[in-house]
Peer 1: 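After the structure tokens below, expect a handful of questions from me.
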Protein chains: 2
Amino acid sequence: MTKQVNDSPEAADLRRADSLAREIFSDVANKWALLIIEALGERTLRFSELREEVEGISHKMLTQNLRMLERNGLAERTVHPTVPPRVEYTLTQPGRDLRETVDRMCEWTHRHFSHIEDSRQRFDA
Amino acid sequence: MTKQVNDSPEAADLRRADSLAREIFSDVANKWALLIIEALGERTLRFSELREEVEGISHKMLTQNLRMLERNGLAERTVHPTVPPRVEYTLTQPGRDLRETVDRMCEWTHRHFSHIEDSRQRFDA
DNA sequence: CCGGATCCTTGCCGATACTG
DNA sequence: CAGTATCGGCAAGGATCCGG
């Protein structure tokens, strides 16, 4: 029933890769994920420290995004079996690679700060 | 009434800049905006061409994000007063600068493709 | 061909409460 | 301290129509 004509295994692979790429992009290209990655940097931070570091993020969004980053292998989670529990997060190598590009985005923001501010004022008039 | 103690004009400026930076980040760090920027590249595309280029975007999201990019001075909109109307979009220089970093993000995705795929499978088990 | 406006659905996100 | 579960409000996003 769902059989498709003009379809090769290679084409199917390409579609799979495409949809995965899109999925990764959707995961990563969101405000909170990028801010968390930026906050982590080269450091190792606890959950509560991250919560303070990432201005305005809620408990829920933080856990949610941390799970997502862990799932994609961008961040690592280590639980120290003490009481009270101590959970630490750090970027993996791929995560640190991604951080490089996030850094560039931040630089970009600052470099074009006044251009953007001006453009907005003109547009809003 | 709303006067704050321990507040200098400099501190106020910093807070303004911070919130603006965050705002720009929120605008730009979203899936559709980045995909549009990537699709535009060095080219000039019509609305309808963009709609085909950016797989799965709706009419509404496209206009919405194009307005946003225009407002921030990242894209330029030119209307040719023909009938039927012809509207073209192209990246400004700041927009092309940002595109560089988006390109890097795409490269990153492909470079770590298998790592991510593997990590996901392990995590989902 | 483009884009604004409207209606309606979906799912994001915050708040809260409860476990280990 | 860290994480999960649940609920509810509200904004994001899709479908459609109309107007330039």
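What you see below is based on every heavy atom in this structure, not just the backbone, and it leaves out hydrogens, waters and symmetry mates. We name chains A, B, ... by the order of the sequence lines, and we start the count at 1 in each one.
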Peer 1: Measure the acute angle between the ring planes of B:W108 and B:H112, then classify it against the limits of 30° and 60° as parallel, tilted or perpendicular.
Peer 2: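 Tilted, since the angle between the ring planes falls between 30° and 60°.
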
Peer 1: Could you tell me whether the phosphate oxygens of D:dA2, OP1 or OP2, come under 4.0 Å of any side-chain nitrogen or oxygen in A:S48?
Peer 2: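 Affirmative; the distance criterion is met.
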
Peer 1: Between the side-chain atoms of A:H59 and the base atoms of C:dG14, is any donor-acceptor pair under 3.5 Å?
Peer 2: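 When only heavy-atom distances are counted, A:H59 does not reach the base of C:dG14 through any donor-acceptor pair under 3.5 Å.
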
Peer 1: Is there a side-chain contact between B:R46 and B:V87, using heavy atoms and a 4.5 Å cut-off?
Peer 2: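 With C-beta onward as the side chain, the pair stays apart.
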
Peer 1: State, with a plain yes or no, whether a side-chain heavy atom of B:P85 is found less than 4.5 Å away from one of B:H80.
Peer 2: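 A side-chain contact is absent here, since even the closest heavy-atom pair is not under 4.5 Å.
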
Peer 1: Just by distance, with hydrogens left out, do A:R67 and A:Q64 show a side-chain donor and acceptor under 3.5 Å apart?
Peer 2: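 No - no donor-acceptor pair under 3.5 Å links their side chains.
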
Peer 1: Between C:dG3, D:dG3, C:dC1, which nucleotide gets closest to the side-chain atoms of B:P84?
Peer 2: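 Ranking C:dG3, D:dG3, C:dC1 by closest atom to the B:P84 side chain puts C:dC1 first.
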
Peer 1: If I take atom CG in residue B:L45 and atom C1' in nucleotide C:dC1, what distance separates them, rounded to the nearest angstrom?
Peer 2: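 To the nearest whole Å, that distance equals 15 Å.
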
Peer 1: Could you check how far CG of A:N30 sits from P of C:dG11, rounded to whole Å?
Peer 2: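 After rounding, the reported distance stands at 17 Å.
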
Peer 1: Measure from CG on A:L50 to P on D:dC1 and round the result to the nearest Å.
Peer 2: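 Rounding to the nearest Å, CG of A:L50 and P of D:dC1 are 15 Å apart.
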
Peer 1: How long is the gap from CG on A:L66 to CD1 on A:I36, to the nearest 0.5 Å?
Peer 2: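 Going from CG on A:L66 over to CD1 on A:I36, the span is 5.0 Å.
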
Peer 1: Give one of base, sugar-phosphate or nothing for B:R67, where a contact means two heavy atoms less than 4.0 Å apart.
Peer 2: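 Counting heavy atoms under 4.0 Å across all strands, the contact made by B:R67 is with sugar-phosphate only.
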
Peer 1: In whole Å, what is the span from the CD atom of A:Q64 to the P atom of D:dA2?
Peer 2: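 Value for this atom pair: 18 Å.
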
Peer 1: Please tell me if A:Y89 has a side-chain N or O lying less than 4.0 Å from either OP1 or OP2 of D:dC1.
Peer 2: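 So the side-chain polar atoms of A:Y89 never come under 4.0 Å of the phosphate oxygens OP1 or OP2 of D:dC1.
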
Peer 1: To the nearest angstrom, how far is B:M61 atom CE from C:dT9 atom P?
Peer 2: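 Going from CE in B:M61 over to P in C:dT9 covers 17 Å.
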
Peer 1: Closest nucleotide of DNA chain C for A:S58 versus for B:F47: which of these residues is on the 5' side?
Peer 2: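 By nearest-heavy-atom nucleotide position, the 5'-most residue is B:F47.
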
Peer 1: Can you tell me how far C1' of D:dG13 sits from CG of B:L62, to the nearest Å?
Peer 2: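 Distance check: B:L62 CG to D:dG13 C1' gives 13 Å.
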
Peer 1: Nearest whole angstrom, please: distance from the C1' of C:dC2 to the CG of B:N65.
Peer 2: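 Taking CG of B:N65 and C1' of C:dC2, I get 16 Å after rounding.
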
Peer 1: Within less than 4.0 Å of OP1 or OP2 of D:dA2, is there a side-chain N or O belonging to A:R86?
Peer 2: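 No, no such contact exists.
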
Peer 1: In whole angstroms, how far is the C1' atom of C:dC1 from the CD atom of B:E49?
Peer 2: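 Checked: the CD to C1' distance equals 12 Å.
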
Peer 1: For A:V87 and A:K60, find the nucleotide of DNA chain D closest to each by heavy atoms; which residue's nucleotide sits nearer the 5' end?
Peer 2: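 Its nearest nucleotide lies further toward 5', so the answer is A:V87.
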
Peer 1: Report which part of the nucleic acid B:R51 touches: base, sugar-phosphate, or nothing (heavy-atom distance under 4.0 Å, all strands).
Peer 2: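 No contact.
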
